[in-house]
Amino acid sequence: MRPSPARLLNILVPVKRAVDYSVKIRHSMNPFDEIAVEEAIRLRERLPPGTVKHIKAISIGPAKSLDVLRTALAVGADSAAHVALPENAPAPEPLAIAKTLASYINLQNNDAAKVAKDGKVDLVVLGKQAIDDDLGVTGQMLAGLLGWGQATFASKVEVDVGRGEVVVTREIDGGAEEVRCRLPVVITTDLRLNEPRYASLPNIMKAKKKPVEKLAPSDLGIDYTPQLQTLRVTEPPKRVGGGKVASVQELVERLKGAGITGV
Amino acid sequence: MLAFSRSQRALTRSARLQTLVVAKQSLGQRAASTTVNYDWEDPLNLESQLTEDEIAIRDVARAYCQENLMPRVLKGWRTEEFDHQALPEMGKLGLLGPTIEGYGCAGASNVAYGLVAREIERVDSGYRSTASVQSSLVMHPINEFGTDAQKEKFLPRLAKGELVGAFGLTEPNHGSDPAGMETTAEEVDGGFIINGSKTWITNAPAADVFIIWARCKWDKRVRGFILEKGMKGLSAPQIKNKVALRASATGSIFMDSVRVGHDSLLPKSKGLGSAFSCLNSARYGISWGVMGALEDCLARTRTYALERNQFKRPLASFQLVQKKLADAHTEIALGLQASLQVGRLKDEGKAAPEMISLVKRNNCGKALEHARIVLDILGGNASSDEYHVGRHVANLQVANTYEGTNDIHALILGKAITGIAAFAN
């Protein structure tokens with residue numbers, strides 16, 4: 001008899017509508033969030049069948065945000081939630097988003113009836129940053145508010161559900177770093193984690209029947225009044241220095257002098 | 001990359017009207033007119049006429065075609081090699097037989113099918129021909145005229161692109177008059193013997209499954225038969241060195257006393273009308289497809305005209321150039337609206353075959369005419385296949401000819417208008 005798994009994974013994937021104008025084919029979902037949705041679906045495909053109980057996409061924004069939720073459903077999410085903001089409201093800021101997500105997760109995880117029916121959310125996967133503001137802080141703030149571990153800039157994710165752990169390879173300036181976190185955990189995705197799939201036409205048609213929960217900000221008690229103020233925008237300082245050397249020998253001498261002896 | 005839905009506010013026409021009515025009632029006055037920005041890429045706001053899933057489907061098709069087919073098209077064009085990856089890739093996305101219900105197909109609308117054809121042909125008419133044959137000329141007849149066993153056996157694998165299909169109607173001596181076909185089916189013990197030849201058959205050299213139309217000797221009616229690669233007496237050599245549709249493998253089909261079982265007959269096929277219903281499905285898709293090709297020609301020549309300077313100013317600043325672009329732009333806008341209306345009628349079961357003749361003939365004729373005109377904007381570069389418009393022009397000549405020539409469709413309409421059939425003396 002196979003023992004039943006210690007827990008089933010409930011994955012929440014926050015997605016943001018952020019149009020990428022630099023590419024010829026315009027996608028409306030933040031590219032790092034596309035990678036997050038893809039990773040959630042790949043986890044379902046990689047882990048033993050049934051381990052991933054549910055994948056829910058959530059978005060906070062005006063009515064247009066339903067775009068990206070429909071895309072997430074068409075690619076393979078099971079359900080979606082939309083926290084509807086007024087049409088011309090200013091773009092929500094990371095702290096407000098993180099508070100919204102934390103509030104949503106706590107509402108789910110602290111409600112005995114909901115937990116009995118759907119289980120607790122124990123894995124949040126989202127993009128490392130949004131390409132419209134490039135702030136890159138929402139995931140970290142969310143982890144802080146929830147008191148969960150965080151593994152950011154993920155280029156590889158391995159989940160051991162039996163032990164209730166994830167091992168994430170992170171891309172950092174010096175190279176790659178491996179971190180092990182206990183579930184529940186917040187993971188933010190980096191570019192090399194995966195290559196998102198196209199939604200197939202049959203799945204687009206099936207997505208119409210998947211439920212989309214509608215929430216108002218008042219349901220979660222969040223204030224979206226902007227608090228950030230841009231004080232100044234500057235270019236990074238220009239590179240100075242450098243010099244030409246006459247020979248390879250001189251290059252080696254200079255490198256040794258700078259303390260660089262080998263790789 | 002993932003699919004994306006462009007505008008959440010794309011509602012069906014009736015829902016949009018309802019919203020307008022509600023808005024007027026609640027405001028108690030006409031909504032003040034706001035400035036509408038003209039979008040040369042969608043001049044008549046086709047976007048607002050599509051449903052959410054049609055937009056999502058269009059976006060997937062566009063992303064797939066631009067990111068996967070476009071980089072391979074020149075190689076296909078130059079080598080005339082059948083692209084064995086294309087059908088399985090399209091199959092994986094559900095782009096094949098998208099209107100069919102079940103068998104792994106999407107069950108999408110006819111408008112969605114048209115939108116897909118437009119995106120494929122935006123890259124190349126040859127790729128779209130391959131897909132049209134698979135969807136409208138092979139999967140459709142099996143679905144409409146086949147037994148449940150035939151559907152189970154062939155449709156799922158055709159939908160995935162695992163099997164390549166071909167449609168054999170045209171013969172060396174019978175193109176516009178398929179009724180005169182010389183391919184025969186003779187009933188024998190255990191099945192039938194098929195004899196004859198077909199030509200100009202898209203996908204034939206690579207096909208695993210052939211839908212062959214033959215005149216049945218016992219009652220002189222035309223019926224469809226499913227033949228399979230490997231049958232004794234069946235061969236399908238390629239017609240090489242074509243000057244158009246080079247990215248699509250075209251061939252002949254030779255049937256030298258091919259023996260088939262009774263289960264090869266498409267039992268519900270009852271005469272040439274059955275073959276024509278397949279053609280109408282394909283022709284409808286073509287009417288959308290050629291607009292995609294013309295859109296690509298317009299976009300490329302516009303970019304060229306903005307970048308290329310002569311006499312110290314961009315070509316786009318010359319009046320004669322602007323007229324060429326404006327004329328092509330107009331035909332695209334009108335052609336798409338016509339195809340959309342026919343698609344909606346088809347979805348409601350209210351489309352007559354003459355409607356399809358009208359849009360196929362108009363859109364192919366206009367696409368060919370205006371692609372040729374805007375090609376001239378490229379000057380010497382018109383001859384370079386790297387500028388792509390010349391390839392579209394060559395392809396569109398065939399698109400205007402196959403699936404019923406421009407002239408034949410004129411006679412179909414002429415008969416509908418006058419009541420007099422003028423196909424022959």
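Below, read A as the first sequence line, B as the second, and so on, with proteins coming before strands; counting in each chain starts at 1. Just so we're clear, the structure is a prediction, and the values are computed from it rather than from any experiment.
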So which heavy atom on B:G94 is nearest to which on A:P202, and how close? CA-CD, 3.8 Å
Give a yes or no on this: more than 12 heavy atoms of other residues, nucleotides or ligands lie within 6.0 Å of atom CD of A:E45. yes
Within the supplied structure, the quantity of interest is the number of heavy atoms (other residues, nucleotides, ligands) at a distance under 6.0 Å from A:K156 NZ; does it exceed 12? no
Out of curiosity, B:T51 OG1 to A:K208 NZ, how far, rounded to the nearest 0.5 Å? 6.5 Å
Tell me if the NZ atom of B:K346 is crowded by more than 12 foreign heavy atoms within 6.0 Å. yes
Within the supplied structure, the quantity of interest is the number of heavy atoms (other residues, nucleotides, ligands) at a distance under 6.0 Å from B:K151 NZ; does it exceed 12? yes
First locate atom CD1 of B:I57, then atom CG of A:L201, and finally report the distance between them rounded to the nearest 0.5 Å. 4.0 Å
I need the B:C105 SG to A:M205 CE distance, nearest 0.5 Å. 12.0 Å
Which value, rounded to the nearest 0.5 Å, describes the distance between A:Y198 atom OH and B:N68 atom CG? 4.0 Å
Under a 4.5 Å cutoff for heavy-atom pairs, which residue among B:A106, B:P98, B:A61 has the most contacts with chain A? B:A106
